[in-house]
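Here's the structure we're looking at; comments come further down.
All figures in this text were calculated on a predicted structure; none of them were measured in a lab. Chain letters run A, B, ... following the sequence lines, proteins first, then strands; residues in each count from 1. Both backbone and side-chain heavy atoms feed into the values below; hydrogens, waters and symmetry mates do not.
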Amino acid sequence: MPELPEVETIRRDLEEKIIGKKIASVLILAKKSVHYSIDKFIKVLTGDKITKINRRGKLLYCSFTKSNLFLLIHLKMTGQLIYRQNKKITAGGHSLGAIDFELPNKFTRVIIKFNDGSELFFNDLRRFGYLKLVSTEEKDKILQKSFGIEPLTSDFTWIDFRKIFNKRMTTVKALLLNQKLISGLGNIYVDEACFCAGVRPNRRVNKLTVTEIKKLFICIPKILQLAIKNRGTTFKDFMDSDGKQGNHIDFLKVYGRDGEKCKRCKGMIQKIRLGGRGTHFCPKCQK
DNA sequence: GTGTTTGTTATCAA
DNA sequence: CTTGATAACAAACA
């Protein structure tokens with residue numbers, strides 16, 4: 001479940017690896033994963049070079065040397081972007097031994113081959129993710145329409161953050177998951193941000209004190225920065241562009257820890273269902 | 001066979 | 001028009 005820290009980890013790594021490399025060929029194994037005319041998609045990419053990889057929330061968008069179109073990549077729940085130079089790659093981030101696995105595998109949906117022999121694999125077990133091409137105008141329209149405040153940038157101001165709590169009745173969980181209001185947070189980091197701020201995810205946002213909103217404002221970038229430093233959370237499917245796991249799971253305070261002891265107060269972490277999502281919190285540390 | 005996992009959108013109600 | 005809540009999608013696994 002790649003959220004902002006996982007997508008940013010991939011973005012930074014790929015920038016080091018594929019910028020300026022000429023695309024030799026494109027192989028589409030699952031048409032559904034490419035939201036564009038298949039023929040045109042291949043035609044546009046082949047022979048061109050990616051000049052820059054940007055990120056907005058959980059969405060990646062790439063610009064090209066020749067084409068004026070942008071390549072949008074959304075990993076949704078199980079998407080992976082894995083880059084390799086040889087036939088086999090070595091994976092396994094934790095203390096466990098390295099695993100070798102073959103690529104492409106049964107979940108590989110698109111392969112982009114570069115003229116130095118290296119390859120970029122788009123894998124996606126659930127097929128929610130996609131690659132698509134859009135014009136500058138379409139790209140700008142999408143970014144404007146679907147994405148709220150971007151954390152970790154100068155857009156993330158106290159004034160704007162506080163504004164999204166105004167005149168709303170929804171829960172903290174639903175508000176922070178809403179990409180149109182604040183982008184990049186998903187189920188893991190919303191729960192973690194709420195724990196950090198001492199706020200229960202099921203609280204109504206209009207009942208929060210200014211102090212509590214301020215705590216969320218401080219906690220959100222803090223948690224995202226740390227997760228990026230740890231190269232993301234691998235709960236199930238996430239792996240970086242080398243096929244390695246993230247290291248942040250041991251730093252999680254509540255997500256996936258239901259039934260375990262709270263690291264702060266030794267109480268029991270609870271799990272509830274909120275807005276159809278698994279939601280974790282400490283009843284003692286969060287009010 | 002059933003429930004569970006979640007990012008995003010569609011849909012409906014108020 | 002806005003907001004909120006919920007279902008739906010997809011596929012594998014315990």
Shared-cluster residues of Val254(A), by chain and number - hydrophobic side chains joined below 4.5 Å: Phe195(A), Ile269(A)
Touch class at under 4.0 angstrom, heavy-atom based, for Lys167(A) against every strand present: nothing
Crowding at CG, Asn68(A) (>12 non-hydrogen neighbours, <6.0 Å): no
ring-ring contact (aromatic ring centres under 6.0 Å, His included) contacts in which one or both residues fall within residues 12-33 of chain A, not counting sequence neighbours: none
Between P of dT2(C) and CG of Asn206(A), the distance in whole Å: 20 Å
Interface with DNA chain B, restricted to residues 175-188 of chain A and to heavy atoms under 4.0 Å: Gln179(A), Gly186(A), Asn187(A)
Residue pairs, two or more places apart or on separate chains, that pass salt bridge (charged side-chain N to carboxylate O under 4.0 Å, His left out) and touch residues 27-48 of chain A: none
Sugar-phosphate, base or nothing in reach of Gly278(A), heavy atoms under 4.0 Å: sugar-phosphate
Pair listing, salt bridge (charged side-chain N to carboxylate O under 4.0 Å, His left out) test, anchored in residues 181-199 of chain A, at least two apart: Lys173(A)-Asp191(A)
Other ILVMFWY residues reachable from Ile159(A) by side-chain steps of under 4.5 Å: none
Euclidean distance, atom CZ of residue Arg204(A) to atom C1' of dG4(C) [Å, nearest integer]: 9 Å
Between dT2(C) (C1') and Lys163(A) (NZ): distance, integer Å: 18 Å
Under the side chain to side chain contact (heavy atoms under 4.5 Å, CB included) test, residues paired with Ala30(A) that sit two or more places apart: Ser33(A), Arg109(A), Arg127(A)
Aromatic ring proximity, centroids under 6.0 angstrom, Tyr83(A) and Phe121(A): no
Nearest-nucleotide 5' precedence on DNA chain C, Gly275(A) against Asn166(A): Asn166(A)
Whole-Å gap separating C1' (dT3(C)) and CZ (Phe165(A)): 16 Å
Most 5' of Arg277(A) and Ala174(A) on DNA chain C, judged by nearest nucleotide: Ala174(A)
Co-members of Leu72(A) in a cluster of I, L, V, M, F, W and Y side chains, linked at under 4.5 Å: Leu59(A), Tyr61(A), Phe70(A), Tyr130(A), Val134(A), Ile142(A), Leu143(A), Phe147(A)
Whole angstrom value for the distance that separates P of dT4(B) from CZ of Arg273(A): 6 Å
Minimum-distance nucleotide (side-chain atoms of Arg168(A) versus dA5(C), dG7(B), dT3(C)): dT3(C)
Please enumerate all protein N or O atoms sitting under 3.5 Å from an N or O of nucleotides 11-14 of chain C, with distances to 0.1 Å.
unit_1  : atom_1 : unit_2    : atom_2 : d
dA11(C) : OP1    : Arg127(A) : NE     : 2.9
dA11(C) : N1     : Arg126(A) : NH2    : 3.4
dA11(C) : N3     : Arg126(A) : NE     : 3.1

Atom-pair distance (CG on Leu274(A); P on dG7(B)), nearest Å: 14 Å
Proximity to the side chain of Glu3(A) - top-ranked nucleotide from dT5(B), dG7(B), dA5(C): dG7(B)
Minimum-distance nucleotide to Thr170(A) side chain [options: dG4(C), dG7(B), dT5(B)]: dG4(C)
Whole angstrom value for the distance that separates C1' of dA8(C) from NZ of Lys76(A): 12 Å
Pairs of donor and acceptor atoms involving the side chains of residues 160-172 of chain A, under 3.5 Å and at least two apart or interchain, shall be tabulated with distances.
unit_1    : atom_1 : unit_2    : atom_2 : d
Asp160(A) : OD2    : Thr157(A) : OG1    : 3.4
Arg168(A) : NE     : Ile164(A) : O      : 2.9
Thr171(A) : OG1    : Ala174(A) : N      : 3.2

Set of disulfide (SG to SG under 2.5 Å) partners for Cys285(A), sequence neighbours left out: none
Given DNA chain B, 5'-ward residue of the pair Lys271(A) and Tyr130(A), judged by closest heavy atom: Lys271(A)
From CA spacing to verdict: ring pair (Phe, Tyr, Trp, His ring centres under 6.0 Å), Tyr189(A), Tyr255(A): CA-CA 8 Å; Tyr189(A) 298 108; Tyr255(A) 184 88; 8.7 Å; no
For nucleotides 11-14 of chain B, list the nitrogen or oxygen atoms of the protein found under 3.5 Å from its nitrogen or oxygen atoms, one pair per line.
none

